[in-house]
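Each remark here refers to the structure printed beneath this line.
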Amino acid sequence: MARFLVRRLLNYVALCLIATFLAFGLASLTFNPLAAYAERTPPPPPAAIAAKRAELRLDDPIPARFVGWIGDVALGDFGTTTTGTPIGEQLFSRIGVSLRLFALGTVIGVVVGVLVGVTGAVRQYRFTDYASTVFSFVILSIPVFVLAQLLKFGGLQLNAAAGTTILYFQGEVTPSFRGSAGAELLDRLQHLVLPTLAIALQQIAYYSRYQRSAMLDVLGSDFLRTAQAKGLTRPRALFKHGLRTALIPMATLFAFGFGLLLTGGVFTERIFGWFGMGDWLVYGIQRQDTTIVATVTLFVAVLVLLSGWLSDVLYAALDPRIRIR
Amino acid sequence: MTAAEQFLDPVLAEGPVLTVSNLSVSFPSEAGRVDAVRGLSYEIATGEVLGIVGESGSGKSVSSMAVMGLLPGSARISGSVRFRDTELIGKPDVELSRIRGRRIAMVFQDPLSALTPVFTVGDQVAEALQVHRRELSASAARNRAVELLDLVGIPNAGSRAKAFPHEFSGGMRQRAVIAMAIANDPDLIIADEPTTALDVTVQAQVLDVLKTAREVTGAGILLITHDLGVVAGVADRVLVMYAGRAVESAPVDELFARPRMPYTLGLLGSLPRLDDEERRPLVPIEGQPPALTNLPAGCPFTPRCPLAVDLCREVEPELEIVAMAHRAACHRSSELVRSDATDVYGVSTLAEAGTGEVPRGERPVVLAVRDMIKHYPITRGTVLRRRIGTVHAVDGVSFEVRQGETLGLVGESGCGKTTTLMEILSLTQPERGSVEVLGRDVTGLDRKARTRLRRDVQVVFQDPVASLDPRMPVADIIAEPLVTHGVLRSEIRTRVPELLRLVGLRPEHASRYPAEFSGGQRQRIGIARALALEPKLLVLDEPVSALDVSIQAGVVNLLEELRVRLGLAYLFVAHDLSVVRHIADRVAVMYLGRIVEIGEVRTVFRAPQHPYTQALLSAIPVPDPAVERARERILLTGDLPSPADPPAGCRFRSRCFRYTALDAADQRRCEQDDPALERTDAPDQQVACHFAAPYAVL
Ligand SMILES: Nc1ncnc2c1ncn2[C@@H]1O[C@H](COP(=O)(O)OP(=O)(O)OP(=O)(O)O)[C@@H](O)[C@H]1O
Ligand code: SF4
Ligand code: SF4
Ligand SMILES: [Mg+2]
């Protein structure tokens, strides 16, 4: 079992490198980082441009540049942006911002999604089921940025109705706000509600669909009947035997769900003004900055593949039939 | 119930554990209300075994699920189910859950899916204890679970309790389910087809465990089955269900000896029997059970009943006392005293084949298989596949099928029967050994020759539904092989109706789709298709095992008739030895990829010489209570070893009872020498055992 997981981890490391290389290559091919530099007024002297060119190693072949960069990354040096600031300076603060935003949304999304799915299955063809089905399809068909704007609008209405600001929709904290620890926490929460909702709603919609069908498979199963025949009440049999088994196929989904979340996160961060990794990616693309794009891609790849690996672990923990391999 | 009736039903004198009266269950459906159970009444006395038999769809499972309160919410239930003095119908789930598993326990049909895959077997048995006895500590429950597993015959129960269900074989899982059922010393055990999914040798073991369970707990047992043989051996009383109703109930001997309802009579007549000496035609019951939506008034058996009169179409007969403790629901039951199924159903006798007179040795060999081998590699890894072992699916099999005869191939699931058939049907050179069809070795055949040879070898599969394309009308299905082999359109047009008539279907049905036919009719379509090219050899893989007995009988008779009329040869794979006894001329018994005994059916069944054959035959129940009670069973221990790792020496050694009785020197022989097939004194019988000796098991 341990060997299986180690092997999977190695596979994932290779996949990470490939994904990052593709992003790096694609960015290098299409971006022209010198464009902005060369169009400054007054135009920089050709020697300066040539120096910049050399600094960015633009004449080296792309694979060589990638190997050079990834080698530095392995040593903890992520390189510099085209403007010369070291990537490392912003990297960790931005990761912190993104994780603060995603962690809560993901936990809520997974837990509520599973519960909604299970309820839908147990109450199949009744009102709760129809309601959750409609909800999921609506949410899944709305693009994230529209959803975020709708939430903003809802927040505005709420604030207007209350006559005071309950929900903020810009940034992580009110910039100049100072108060007791409790007051500062409340301030943060007030900022967190809307973006978290934007993330969680999508996740809930996504997971609940799968959880519902996984649970439906289990509902008709013989072992559930056996559990009841033993003397478990229906709710207890459903919870202990049914849900526990229906969670198994979900384990693999969490990895993919996470990928979905990160792409949606780009918009959420931009719209709610959180300076996280998603925001940085957009910034990097606007600035035609290969290093930023590659760094963000590497981060996303590591996260997706780490969650993939975690879902392997989870799968093995949930399903004894996998363990003996 | 009047005092007189009570007197006539001595079983009730002790007071019933369970009284079901006027139970009805219906389900809403798109086609209208489905009346699954209609006014069912019965009682089970303390410690009594009541067998419920009936064709699939007759309401056996639904009625027992209603007793347990385990029907889905959409079911409409009325009537009364009294357990001792407690009314169960309408009780809330919480209260029922206190009775379920403690006072009434249940064993289900499919042991493979009956256990939760994610918990250990021991924990699941322990849970059955703890759910009713909160005060029981976890370790005490675990210890008791191990004791229970030991009681139901799980070897090394202590360590096996920690295994997960997927690490158990089907038989072992069913034992575990029985262990759960007896955990709380219940008053009643409901067993719904507990052995249907199991091999016969395992079935015998599980029935034995059920018997132990009954002795240990003193519980009454409600045994639901479609196998009249099982009922004959185990039940005290039998209830026959048809279309959601009880149509007959009687003590087991009485029911088998003097059935008083045409359906029961037909059911008994339709059974092939292991102890039949002469070949007799089976009694098929024409038609099929009615759909349970919008049942017409009158007796539901009317369309299939040879005795039906006008009254039957108008008034549904009540279940009434017809003799001491014997009830039947039929207007004409009084006329049925001492009737014979063949008289009532009027079956023609079989015409004996023209080939019957030609001695076997002079008839041409249609199929000769010599020393055939098929090994599957077990591989590991996805990118770099490594071979880590070999499944010896077929490991040196030889036999011959001659014109006009049927060779039955029998053995437990996984012994290599299907693999053998598939190897033959591929008409390609086997891994080792040879296959000859109609005197031609398939090795070195070119494509054209192979296609030509394929016309002569056709196949009929087990599942008539899956092997027919649902989107094709029947005419196209039957014509398909003709088209493939380039038969002229005009010829096909005349051939299809001919074929339909040949298998007992109406030519008008040619434009219908498979879904419009019943299981038995679909199997007939499969047979018609196989016969389209006028083959010499028909390979049949479990052709009747998915069918109910009354319908199976018709298909068996048809196969018999076709063989005689068309001079066909059959290679017939079945796990039901009674069917093989009935239909085959010769039989080959397979065990772990080998033939361990082969020979003329009468010889092999009357005086089997290989211990495995003896155990197999002894495990088959005979639908005759007196015979069943008098029989000694040879119970095999354990399960089939993995075909990837067969025991050294004789492969049957790990389960052989004869080996256990040998002295050390003889045992060494079994351990070291792999026995080869050898002739016995009988004219046509070969056995692969160093210590072969006849032993009559019937
Ligand atoms: N493709 C395959 N790969 C590996 N093993 C196989 C394969 N097909 C069959 N086997 C194995 O070969 C053995 C014989 O299989 P086969 O299907 O012939 O059994 P059978 O007697 O027909 O069983 P049943 O009565 O259940 O149909 C079994 O152990 C089976 O697991
Ligand atoms: S009541 Fe009539 S139709 Fe029904 S079984 Fe008796 S004779 Fe046949
Ligand atoms: S050879 Fe030995 S082990 Fe094999 S069947 Fe005969 S007695 Fe049993
Ligand atoms: Mg098979």
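The model shown is predicted, which means the values in this text are computed figures rather than measured ones. Note on naming: letters A, B, ... go to the chains in the order of the sequence lines (proteins, then strands), and numbering restarts at 1 for each one.
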Rounded to the nearest 0.5 Å, what's the gap from [atom1] on [X] to [atom2] on [Y]? Could you check?
| X | Y | atom1 | atom2 | answer |
| --- | --- | --- | --- | --- |
| B:Phe119 | A:Thr245 | CZ | OG1 | 6.5 Å |
| A:Arg225 | B:Asp110 | CZ | CG | 9.0 Å |
| B:Glu127 | A:Thr226 | CD | OG1 | 10.5 Å |
| A:Gln228 | B:Leu70 | CD | CG | 5.5 Å |

* Taking every non-hydrogen atom, the tightest pair across A:Gly231 and B:His132 -> CA-NE2, 3.6 Å
* Structure fact -> Taking every heavy atom of A:Lys230 against every heavy atom of B:Val131, the minimum-distance pair comes out as O-CG1, 3.6 Å
So does [X] have more than 12 non-hydrogen atoms from other groups sitting under 6.0 Å from [atom1]?
| X | atom1 | result |
| --- | --- | --- |
| A:Phe78 | CZ | yes |
| B:Arg84 | CZ | yes |
| B:Glu135 | CD | yes |

* Side-chain touch A:Pro320/B:Thr120, heavy atoms, less than 4.5 angstrom -> no
Could you tell me which portion of [X] (side chain, backbone, both or neither) has an atom closer than 4.5 angstrom to a non-hydrogen atom of chain B?
| X | answer |
| --- | --- |
| A:Arg236 | side chain |
| A:Ile248 | side chain |
| A:Thr233 | both |

* Asked: Hey, which of B:Ala183, B:Ser113, B:Pro186, B:Gly73 has the most heavy atom pairs under 4.5 Å with chain A?
  -> B:Ser113
* Asked: What option among B:Pro165, B:Ser97, B:Ala181, B:Gly101 has the most heavy-atom pairs under 4.5 Å with chain A?
  -> B:Ser97
* To do: I would like to know whether B:Gln124 and A:Phe223 meet side chain to side chain contact (heavy atoms under 4.5 Å, CB included); could you show each step before the answer?
  => CA-CA 10 Å; B:Gln124 297 192 52; A:Phe223 63 80; 5.8 Å; no
